[in-house]
J.: 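Handing you this structure, nothing more for now.
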2 protein chains.
Amino acid sequence: MKTEEKIVEKKYQQAKECPITIFMEQIGGKWKPVIIWLLLSNEVMRFNELDKAIDGISQKMLSQQLKDLEKLNLIDRKSYPVIPPKVEYRLTEKGKSLKEILTIIMNWSNQNLR
Amino acid sequence: MKTEEKIVEKKYQQAKECPITIFMEQIGGKWKPVIIWLLLSNEVMRFNELDKAIDGISQKMLSQQLKDLEKLNLIDRKSYPVIPPKVEYRLTEKGKSLKEILTIIMNWSNQNLR
DNA sequence: TCAAGTACTTACTTTGAAGTAACTAACGAA
DNA sequence: TTCGTTAGTTACTTCAAAGTAAGTACTTGA
């Protein structure tokens, strides 16, 4: 009984600690890579620009994903107290460091997936 | 009216064609990277070995993921007509070519994610 | 004759990510 | 005084991925 509990606990921790799983959970969603990709080639983008640039995303989704990315310290949000509102998003250094990964994924995907 | 239809259609196609999105959809699930990772270091594994090696996966999930990976031509399934059954899984060349990507993801994740 | 071993399948339920649609605040312009 | 603009929020629904639990086939060994 006690043994079984320990095994379950251990398994849970191991699954949580796999770096690839963590990466996929945190950056591997439907929209995050696309947002990062756009910011890699555009430096600064406003909310509406991102909204227009990403086909099919809703404002709710965009706002949510941007919050997530900010929490992960991958993007930087800069808000100006003007009306109508103006908010700028750009990659942090950490965010920019994803370029290599995304590029390599893109190339592999183009060569190997339909 | 006609214009609007065309825009929708175009957006749909664009979203479908993003190579990073395609990659994430096809290889970015919860289990596939882990399976590939294991086969990168083990060359040949049997069903039960994979089952035991992967914490928390169910037989149903494992079987399903292996089928998916086989369809993508990333792994090779070899079944022997013996009893009890014996089935071997190994990476194809295409599967092995994911090593670079997974390694780079792993390193980045270790350095940048919790 | 019954359990053990292997590689699954089937049926059902749960979960969470994503989608949809409408609403909001604040101000300047017409 | 209503409209347009920007960057969101809120409430609700949908759907596919994942989880759970049990069953299956076939044969050997005790």
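Reminder, nothing fancy here: chain letters follow the sequence lines and each chain counts from 1.
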J.: Could you name each residue pair satisfying salt bridge (charged side-chain N to carboxylate O under 4.0 Å, His left out) that touches residues 33-49 of chain A, not counting sequence neighbours?
T.: none

J.: Can you give me every donor-acceptor pair (side chain of residues 69-84 of chain B, partner residue at least two apart or in another chain, under 3.5 Å) with its distance?
T.:
from, atom 1, to, atom 2, distance (Å)
B:Tyr80, OH, B:Glu88, OE1, 3.1

J.: Distance from A:Lys30 atom NZ to B:Glu25 atom CD, nearest 0.5 Å?
T.: 7.0 Å

J.: Atom CD of B:Glu100 and atom CG of B:Leu98: how far apart are they, to the nearest 0.5 Å?
T.: 10.0 Å

J.: If you walk 5' to 3' along DNA chain D, what is the first nucleotide with an atom under 4.0 Å of a heavy atom in chain B, and what is the last?
T.: D:dA18 to D:dT27

J.: Under the rule for side chain to side chain donor-acceptor pair (under 3.5 Å), what residues qualify as partners of B:Lys32, not counting sequence neighbours?
T.: B:Gln65, B:Asp68

J.: Please report the shortest heavy-atom distance between A:Ala53 and A:Leu38, naming the atom on each side.
T.: CB-CD1, 3.8 Å

J.: Given A:Trp37, which partner from the list A:Leu40, A:Ile35, A:Val34 fulfils the side-chain contact (heavy atoms from CB on, under 4.5 Å) test?
T.: A:Leu40

J.: Taking all non-hydrogen atoms of both residues, which atom of A:Asp51 and which atom of A:Leu62 are closest, and how far apart?
T.: N-CD2, 3.5 Å

J.: Please tabulate, for the side chains in residues 101-114 of chain A, all donor-acceptor contacts under 3.5 angstrom to protein atoms that are two or more places apart in sequence or on a different chain.
T.:
from, atom 1, to, atom 2, distance (Å)
A:Thr103, OG1, A:Lys99, O, 2.7
A:Asn107, ND2, A:Thr103, O, 3.4
A:Trp108, NE1, B:Ser97, OG, 2.9
A:Ser109, OG, B:Pro19, O, 2.7
A:Asn110, ND2, A:Met106, O, 3.4
A:Asn112, ND2, A:Trp108, O, 2.9

J.: What base-paired stems does DNA chain C take part in, with at least 3 consecutive Watson-Crick or G-U wobble pairs and both distances under 3.5 Å?
T.: C:1-30 with D:1-30

J.: Between C1' on C:dG16 and NZ on A:Lys30, what's the gap in Å once rounded to a whole number?
T.: 15 Å

J.: Extract from the structure each pairing of a protein N or O with an N or O of nucleotides 28-30 of chain C at less than 3.5 Å, listing the distance.
T.:
none

J.: Between A:Tyr89 and A:Val44, is any pair of side-chain heavy atoms under 4.5 Å apart?
T.: no

J.: Measure the CG-CG distance between A:Asn42 and A:Leu39 for me, rounded to the nearest 0.5 Å.
T.: 7.0 Å

J.: Hey, which of these two, A:Lys60 or A:Glu88, hits DNA chain D nearer its 5' end, going by closest nucleotide?
T.: A:Glu88

J.: Check whether any side-chain heavy atom of A:Pro85 lies under 4.5 Å from a side-chain heavy atom of A:Phe47, and answer yes or no.
T.: no

J.: Can you measure B:Met24 atom CE to C:dA18 atom C1' for me and round it to whole angstrom units?
T.: 17 Å

J.: Please identify each residue that fulfils salt bridge (charged side-chain N to carboxylate O under 4.0 Å, His left out) with B:Glu93, with sequence neighbours left out.
T.: B:Lys96

J.: How many angstroms lie between CG in A:Leu66 and CE in A:Met45, if you round to the nearest 0.5 Å?
T.: 10.5 Å

J.: What residues in residues 61-78 of chain A put a non-hydrogen atom under 4.0 Å from any atom of DNA chain D?
T.: A:Ser63, A:Lys67, A:Arg77

J.: Which atoms of nucleotides 22-25 of chain C (N or O only) lie under 3.5 Å from a protein N or O atom, and what are those distances?
T.:
none

J.: Using the rule given for side-chain contact (heavy atoms from CB on, under 4.5 Å), can you reason through A:Ser63 versus A:Lys60, listing the C-alpha separation, both sets of side-chain angles and the distance that settles it, and then say yes or no?
T.: CA-CA 5 Å; A:Ser63 152; A:Lys60 175 205 151 191; 5.9 Å; no

J.: So which heavy atom on A:Ile20 is nearest to which on B:Pro33, and how close?
T.: CG2-CB, 3.4 Å

J.: Give, for atom CH2 of B:Trp31 and atom CD1 of B:Ile54, the distance between the pair rounded to the nearest 0.5 Å.
T.: 7.5 Å

J.: Please list, in numerical order, the residues of residues 32-45 of chain B that have a heavy atom closer than 4.0 Å to any atom of DNA chain D.
T.: none

J.: From B:Ile57 CD1 over to B:Gln64 CD, what is the distance, rounded to the nearest 0.5 angstrom?
T.: 9.5 Å

J.: Please classify the nucleic acid contact of B:Tyr80 as base, sugar-phosphate, or nothing, using heavy-atom distances under 4.0 Å.
T.: nothing

